[in-house]
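Position 1 is the first residue of the sequence; numbering continues from there. The shown structure was predicted, so the numbers you read here are calculated from the model rather than taken from an experiment.
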Amino acid sequence: MPYIESRDTEPGCLFCNRLEEPLGPESLILHRGQTAFVILNRYPYTNGHMMIVPNRHVPSLEDLDDESLSELMRLARRGLQSLRRSYGAEAFNVGINIGAPAGAGVVDHVHLHIVPRWPGDTNFMATTAATRVIPEDLGRTYDRLAEAWRESSQGA
C-alpha cells in the first residue's frame, strides 16, 4: 500500500533527492563512490534488486564522463560479488533502460539495474493475478547486502 499511495508524489528527481542522504536502511543506500552510488530498489523485482546511479543528472550513458562510466562498471562488479555472497545468486539481469519507450521509470537520470536470478525463479514476471511476492523485508535485505558489500572487493 505505501507504494500505491505514494507513487509519483515525490517532487524533483528521485535519485538527485538521495544525493545528500546518509548510508543506511532508511535511505537504502549501500555505498557512495566519487561519482556514483549504490541503492536498493524500494520496489524490487526480486530480493537484492539494486541500482547503480551516477551522481550527475543526465538521461543517457553517452552524457557521462569517462570517470563516471568507469565507476558505474566497478560498482556493478562489486554489486554482483555482493549478491553472489549474500544470496547465492547464480545469474543476473544487468540493464539500463534509456528513455520512456525502453521502459525507463526515471527517464532523466540514467541508472543501472542489477537483478539477481536463480534456477527455477519466475523471471520476475507475475505468475498469479499480476502480483509478485518478495519474501524478505527490505531492511533485512539491506543488512544482508551491506555486510556482503563490506566483504566484497574494495576495488570500487
Side-chain angles (χ1 to χ4, degrees), residues 1-61 63-65 67-98 103-118 121 124 131-156:
M1 285 308 297
Y3 173 67
I4 293 168
E5 293 170 349
S6 69
R7 188 168 183 150
D8 298 327
T9 60
E10 182 173 332
C13 173
L14 166 73
F15 298 128
C16 290
N17 292 346
R18 302 295 172 285
L19 287 175
E20 301 301 320
E21 290 188 13
L23 303 181
E26 295 81 24
S27 67
L28 299 177
I29 298 171
L30 282 171
H31 175 82
R32 280 198 189 286
Q34 294 297 311
T35 65
F37 63 98
V38 181
I39 187 169
L40 296 182
N41 191 319
R42 189 165 298 280
Y43 308 105
Y45 297 155
T46 190
N47 292 329
H49 179 175
M50 66 174 64
M51 297 175 289
I52 316 298
V53 183
N55 294 342
R56 288 193 55 217
H57 182 89
V58 297
S60 183
L61 288 177
D63 300 314
L64 292 173
D65 58 39
E67 181 183 359
S68 297
L69 283 170
S70 180
E71 185 168 37
L72 197 74
M73 288 296 107
R74 286 192 312 273
L75 292 175
R77 176 180 58 200
R78 194 165 167 193
L80 296 173
Q81 292 169 343
S82 297
L83 287 162
R84 284 187 198 282
R85 181 176 305 223
S86 60
Y87 284 93
E90 295 183 36
F92 300 92
N93 289 112
V94 177
I96 301 171
N97 302 324
I98 298 173
V106 180
V107 176
D108 295 328
H109 198 137
V110 68
H111 54 284
L112 182 147
H113 290 264
I114 301 176
V115 180
R117 305 295 304 279
W118 302 267
D121 68 19
F124 61 82
T131 302
R132 276 193 306 261
V133 176
I134 305 298
E136 182 173 72
D137 176 75
L138 271 175
R140 175 67 182 127
T141 300
Y142 182 90
D143 291 342
R144 286 175 71 168
L145 282 169
E147 180 178 341
W149 190 269
R150 287 188 298 273
E151 296 171 356
S152 67
S153 77
Q154 299 300 310

(request) Check step by step if side chain to side chain contact (heavy atoms under 4.5 Å, CB included) holds for Leu80 and Val94. (result) CA-CA 9 Å; Leu80 296 173; Val94 177; 4.1 Å; yes
(request) In sequence, state the C-alpha distance, the side-chain angles, and the governing distance for Met50 and Leu28, and then conclude on side chain to side chain contact (heavy atoms under 4.5 Å, CB included). (result) CA-CA 9 Å; Met50 66 174 64; Leu28 299 177; over 6 Å; no
(request) Evaluate side chain to side chain contact (heavy atoms under 4.5 Å, CB included) for Tyr45 paired with Asn93, printing each intermediate quantity in order. (result) CA-CA 11 Å; Tyr45 297 155; Asn93 289 112; over 6 Å; no
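The line from CG of Leu83 to CZ of Arg85 is 11.5 Å long, rounded to the nearest 0.5 Å. Gln81 CD to Glu151 CD: the interatomic distance, rounded to the nearest 0.5 Å, is 11.5 Å. With rounding to the nearest 0.5 angstrom, the CG atom of Leu40 is 4.5 Å from the CG atom of Leu30. Rounded to the nearest 0.5 Å, atoms CD (Glu71) and CG (Asp65) are 10.0 Å apart. Rounding to the nearest 0.5 Å gives a distance of 9.5 Å between CG of Leu75 and OG of Ser152. To the nearest 0.5 Å, the span separating CZ on Arg78 from CE on Met73 amounts to 15.5 Å.
With His31 contributing its side chain and Arg150 its backbone, the two residues share no donor-acceptor pair below 3.5 Å. The closest donor-acceptor contact from the side chain of His57 to the backbone of Val110 lies at 3.5 Å or more, if one exists at all.
Not counting sequence neighbours, the partners of Ile29 by the side chain to side chain contact (heavy atoms under 4.5 Å, CB included) test are Arg18, Glu21, Leu23, Ser27, Arg32, Phe37, Ile39. Applying the side-chain hydrogen bond (donor to acceptor under 3.5 Å, both in side chains) test to Ser86 and every residue at least two apart in sequence or in another chain returns nothing. Annotation: side-chain hydrogen bond (donor to acceptor under 3.5 Å, both in side chains) contacts of Asp63 (sequence neighbours excluded): none. Remark: His113 pairs with His49, His111 by the side-chain hydrogen bond (donor to acceptor under 3.5 Å, both in side chains) rule, at least two apart or across chains. Every salt bridge (charged side-chain N to carboxylate O under 4.0 Å, His left out) that Arg144 has, sequence neighbours left out, goes to Glu136. Remark: Glu67 pairs with no residue by the salt bridge (charged side-chain N to carboxylate O under 4.0 Å, His left out) rule, at least two apart or across chains.
Pro116 has its side chain out of reach of Asn47: every pair of non-hydrogen atoms, C-beta onward, lies at least 4.5 Å apart. Side-chain contact between Leu138 and Arg42: present, with at least one pair of heavy atoms (C-beta onward) separated by less than 4.5 Å. Residues Ile96 and Leu61 form a side-chain contact, since some pair of their non-hydrogen atoms from C-beta on lies under 4.5 Å apart. Side-chain contact between Val38 and Leu145 is absent, with no heavy-atom pair separated by less than 4.5 Å. No side-chain heavy atom of Phe15 sits less than 4.5 Å from a side-chain heavy atom of Asp108. No side-chain heavy atom of Thr35 sits under 4.5 Å from any side-chain heavy atom of Leu64.
Closest heavy-atom contact between Tyr87 and Trp118: O-NE1, 3.2 Å. Shortest non-hydrogen contact noted between His109 and Arg56 is NE2-O, 3.2 Å. Across every non-hydrogen atom of Ala76 and Leu112, the tightest pair is CB-CD2, 4.1 Å.
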